[in-house]
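Working notes, structure below.
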Amino acid sequence: MKLLHHELARHIQDAIAAAQAAGDLTRFDIPDLEIRASKRAEQGDYNVAVMPLAKPAKMNPFEIAKQITLHFIKPDFLAVVEVAPPGYINFRLDEAWLRQQVETIIAEGDDLFALELGKGKRAQVEFVSANPTAPLHIGRSRGAVVGDTMARLLQAAGFDVEREYYFNNAGAQMRNLGNSLRLRYLEVLGQPLRLSDDEKKTFYQGEYLITFAEQLVEDVGEAWREHDWQPFKKYAEVKMFEMIRQTLARIDIHHDVFFNENSLYDSGAIWETLDALDKRGYVYKAALPENAEPEDMDDANAGKGEAVWFRSTQFGDAKDRVLVKSSGEPTYTLPDIAYHQNKLARGFDLCVNVLGADHYVQHQVVRFGVQSLGLDASKVHVILVQLVALMRGGEIIRMSSRAGNFETLDDLIDQTSPDAVRYLLLNRSTDTNMVFDLDLAVSQTNENPVYYIQYAHVRCAGIFREAAARGVTDDGADLSHLGEAEMRFLRRVFELGEVIELSVHHMEPHRIAFYALELANLFHPVFDSVRVLHSEVPPETAKARLRFFRAAQVVLKRALHLMGMSAPEVM
RNA sequence: GCGCCCAUAGCUCAGUGGAUAGAGCAUUGGUCUUCGGAACCAACGGUCGGGGGUUCGAAUCCCUCUGGGCGCACCA
């Protein structure tokens with residue numbers, strides 16, 4: 001299916017060139033012009049503003065528009081090209097051509113508006129990447145939905161896409177998790193839970209660990225009584241990860257690759273990365289950063305011994321960052337740089353990284369690391385997702401994994417539906433802080449736009465059931481029987497291609513959610529007014545309308561699937 | 001204090017430097033003998049946080065102020 005705004009842009013460029021060749025326009029470098037869908041019927045279906053050409057052409061914009069129009073070779077999909085003051089060109093689609101697109105839509109089916117933007121390119125989307133220390137909570141889920149939807153849109157744009165989960169299983173949090181399970185295990189064996197002051201700060205209180213401890217007792221009995229945290233960490237990690245994987249599967253999220261942070265230690269990759277950074281002169285060993293201000297000299301870091309630092313200030317960072325602590329243990333930064341080096345070495349043309357807003361600085365540092373290794377940081381694109389605050393009973397709830405105080409994604413799915421969860425978390429720009437109102441999500445599900453969109457698809461499915469029962473088919477439909485209401489819907493269908501393109505271009509998956517709602521918004525009035533199985537509707541008209549609804553169903557299904565939602569036949 | 005993000009209708013939010021700023025919810029009033037009413041139609045509702053600037057043109061870009069969120073570790 002054609003992207004009409006691209007076709008139009010090409011024709012306009014040709015017209016300008018032709019006008020210049022004919023001497024009707026002065027010569028100037030032709031800039032990119034913005035073709036947009038018109039908001040009002042009297043402004044055509046698409047329009048372009050040529051005012052930006054006034055200065056380079058040294059002509060008044062209305063005259064420029066007129067000259068372009070005179071040299072414009074009208075393609076088959078256009079009926080009218082006209083100018084409007086002070087310098088617009090309006091384009092109106094040809095209705096016969098538009099009606100015929102019903103067949104194209106049906107023919108393309110599930111691949112409707114499959115673009116070639118990413119043809120031959122490999123993209124990777126890394127998302128979720130939560131430490132397996134607790135069940136997924138709603139805050140994390142936003143990034144999960146955003147990442148998966150982005151992956152679907154990239155696929156629609158023609159990219160070969162891999163979904164990856166970076167599994168932080170190497171750090172102190174995992175040690176704390178292991179130790180927490182160990183204490184729960186001992187508790188199940190009859191030893192009362194008594195926490196040292198240190199443990200009080202690091203203990204994971206969630207009930208899931210009690211469940212794991214009980215299972216562990218069933219598995220190994222008392223055999224682990226004297227073990228340290230390590231086997232407990234391994235056990236908890238496996239269990240927790242399985243839990244997260246199952247939760248994600250409920251909202252149809254499946255990763256292709258699970259990348260273990262541990263593997264970067266096992267293979268020695270992090271030390272190779274450190275070595276490479278060192279060879280390029282970005283690393284030094286010191287007790288304090290070499291550009292430390294005098295007032296830093298007496299802070300808590302002084303006297304800890306020599307750490308290995310990264311000269312991130314050379315890239316504009318506020319301060320140099322520690323890669324290896326004085327204890328000899330790497331910080332999170334070093335394996336993260338090594339991980340990105342690994343990603344880029346795998347030959348992706350695009351690496352999308354979905355992160356919570358609280359990881360901004362950390363990611364900057366990693367980016368500097370990638371740059372200092374001489375790698376192409378422009379291939380790495382971050383979608384920074386602002387945090388989700390949870391509201392219940394009109395009050396904001398603070399979520400904390402360690403305190404076991406959070407709403408899990410599983411609970412939310414239980415109380416609503418996988419489709420509702422996906423839509424609610426997608427239906428906002430990632431730039432905005434989101435207040436997730438639990439009461440609203442749960443209690444007012446009937447007013448939720450997700451059902452409004454899906455109902456449009458249900459109505460299509462319903463009409464075909466009824467038509468089949470009455471022996472009416474859309475075989476050999478004559479589309480000239482379609483009217484203005486159907487045309488309005490078809491015009492909007494063409495914007496799906498643009499939405500996919502813009503979503504990928506700006507890395508903004510929420511666009512598809514708004515488009516789907518607009519589409520449904522346009523569909524329902526049409527469905528109400530355009531009757532098919534009605535005694536007063538002539539058979540040929542009924543056939544054409546049925547054909548139209550088959551195309552509408554294809555579009556609705558496509559939009560729903562791009563959001564990872566189901567397209568139900570009944571509700 | 002520094003960095004990133006946000007401020008648009010009563011609420012939740014869209015909006016690519018272009019023509020008269022849009023949805024959903026809420027409120028009010030209508031529509032129904034035919035395919036599923038989780039529907040449709042209409043009304044109401046706006047100093048686009050304030051102030052400067054750039055531009056033929058600014059919700060959009062720049063500066064500044066105010067008010068929120070997040071981050072500024074030898075945590076992950």
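Chain letters run A, B, ... following the sequence lines, proteins first, then strands; residues in each count from 1.
- Separating the C1' atom of B/C44 from that of B/A23 is a span of 16 Å, rounded to the nearest Å.
- Under the 30°/60° scheme for interplanar angles, the aromatic rings of A/Y165 and A/F167 are found to be tilted.
- By the 30° and 60° cut-offs, the orientation of the rings of A/Y455 relative to A/H524 is parallel.
- Separation of the P atoms belonging to B/U16 and B/G49 is 15 Å when rounded to the nearest angstrom.
- In summary, the side chains of A/T149 and A/R422 do present a donor paired with an acceptor at a separation below 3.5 Å, with no hydrogens or angles considered.
- Cation-pi geometry between A/R36 and A/Y46 is not satisfied (NZ or CZ under 6.0 Å from the ring centre, within 45° of the ring normal).
- Among the protein residues, A/S535 comes within range of the nucleic acid bases, having at least one heavy atom under 4.0 Å from a base atom.
- Counting non-hydrogen atoms under 4.0 angstrom, A/D320 reaches nothing in the nucleic acid.
- Put simply, the side chain of A/W309 never gets that close to the backbone of A/V283: no donor and acceptor are under 3.5 Å apart.
- Here, B/A39 and B/C62 have their C1' atoms 48 Å apart, quoted to the whole Å.
- Rounded to whole angstrom, the span from the CZ atom of A/R459 across to the C1' atom of B/U34 amounts to 14 Å.
- Ring orientation note: the planes of A/F549 and A/F523 are nearly perpendicular, at an angle over 60° on the 30°/60° scale.
- Nucleic acid contact class of A/A172 (heavy atoms, under 4.0 Å, all strands): sugar-phosphate only.
- As judged by a 4.0 angstrom heavy-atom cut-off over every strand, A/R321 is placed among residues making no nucleic acid contact.
- Counting any heavy atom pair closer than 4.0 Å across all strands shown, A/F527 reaches a base atom.
- Here the side chain of A/N521 is nearest to one of B/G24, B/C70, B/C35, namely B/G24.
- Put simply, A/N47 has no side-chain N or O that comes within less than 4.0 Å of OP1 or OP2 on B/A19.
- Nearest nucleotide to the A/K319 side chain, out of B/C74, B/A23, B/C72: B/C72.
- Residue A/P52 is in base contact, counting any heavy-atom pair closer than 4.0 Å across all strands shown.
- Shown here is A/H506, whose NE2 atom has more than 12 heavy atoms of other residues, nucleotides or ligands within 6.0 Å.
- A/Q362 comes within 4.0 angstrom of a nucleotide base, judged by non-hydrogen atoms across all strands.
- At B/A73, none of the side-chain N or O atoms of A/K325 fall inside 4.0 Å of OP1 or OP2 (strictly under the cut-off).
- Side-chain atoms of A/R367 and A/H340 include no donor-acceptor pair closer than 3.5 Å.
- Per the stacking criterion (ring centres < 5.5 Å, plane angle < 30°), A/Y88 stacks onto the base of B/A19.
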For A/D45 and A/R92: C-alpha separation, side-chain torsions, deciding distance, then whether salt bridge (charged side-chain N to carboxylate O under 4.0 Å, His left out) applies.
CA-CA 5 Å; A/D45 296 315; A/R92 199 172 298 277; 5.1 Å; no
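- Distances shorter than 4.0 Å separate some side-chain N or O of A/R40 from OP1 or OP2 on B/G22.
- Out of B/C35, B/G37, B/C4, the shortest distance to the side chain of A/R531 is found at B/C35.
- Under the Watson-Crick or G-U wobble criterion, with both distances below 3.5 Å, B/G18 is paired with B/C56.
- Comparing the C1' positions of B/A59 and B/G17 gives an interatomic distance of 11 Å, to the nearest angstrom.
- Nucleotide B/C2 has B/G71 as its partner under the Watson-Crick or G-U criteria, with both atom distances under 3.5 Å.
- A/V361 comes within contact range of the sugar-phosphate backbone alone, with a heavy-atom separation under 4.0 Å but no base atom that close.
- Nearest nucleotide to the A/P525 side chain, out of B/U34, B/C41, B/C35: B/C41.
- Nucleotide B/A39 is matched to B/U31 when pairs are restricted to Watson-Crick or G-U wobble geometry with both distances under 3.5 angstrom.
- Looking at which nucleotide of RNA chain B each of A/A357 and A/Y46 is closest to, the 5′-most match is held by A/Y46.
- The listed nucleotides are B/G69, B/C74, B/G36; the one nearest the side chain of A/Q386 is B/G69.
- Here the nucleotide nearest the side chain of A/N131, chosen from B/A38, B/A76, B/G3, is B/A76.
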In B/S/- notation, 5' to 3', how is nucleotides 11-16 of chain B contacted by protein heavy atoms closer than 4.0 Å?
-SSSSB
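- B/G50 and B/C11 have their C1' atoms separated by 23 Å, given to the nearest Å.
- Of the candidates B/C35, B/A38, B/A23, the closest approach to any side-chain atom of A/E466 belongs to B/C35.
- At the heavy-atom level, A/V530 lies under 4.0 Å from base atoms of the strands shown.
- In summary, the side chains of A/S38 and A/N47 do present a donor paired with an acceptor at a separation below 3.5 Å, with no hydrogens or angles considered.
- One interatomic measurement links the two molecules: CZ of A/R488 to C1' of B/C40, which rounds to 13 Å at whole-angstrom precision.
- Separation of the C1' atoms belonging to B/A7 and B/U47 is 15 Å when rounded to the nearest angstrom.
- Residue A/Y452 places none of its side-chain N or O atoms closer than 4.0 Å to OP1 or OP2 of B/C25.
- A gap of 42 Å separates the C1' atoms of B/A76 and B/G22, to the nearest Å.
- Within the 4.0 angstrom heavy-atom criterion, base atoms lie near A/Y332.
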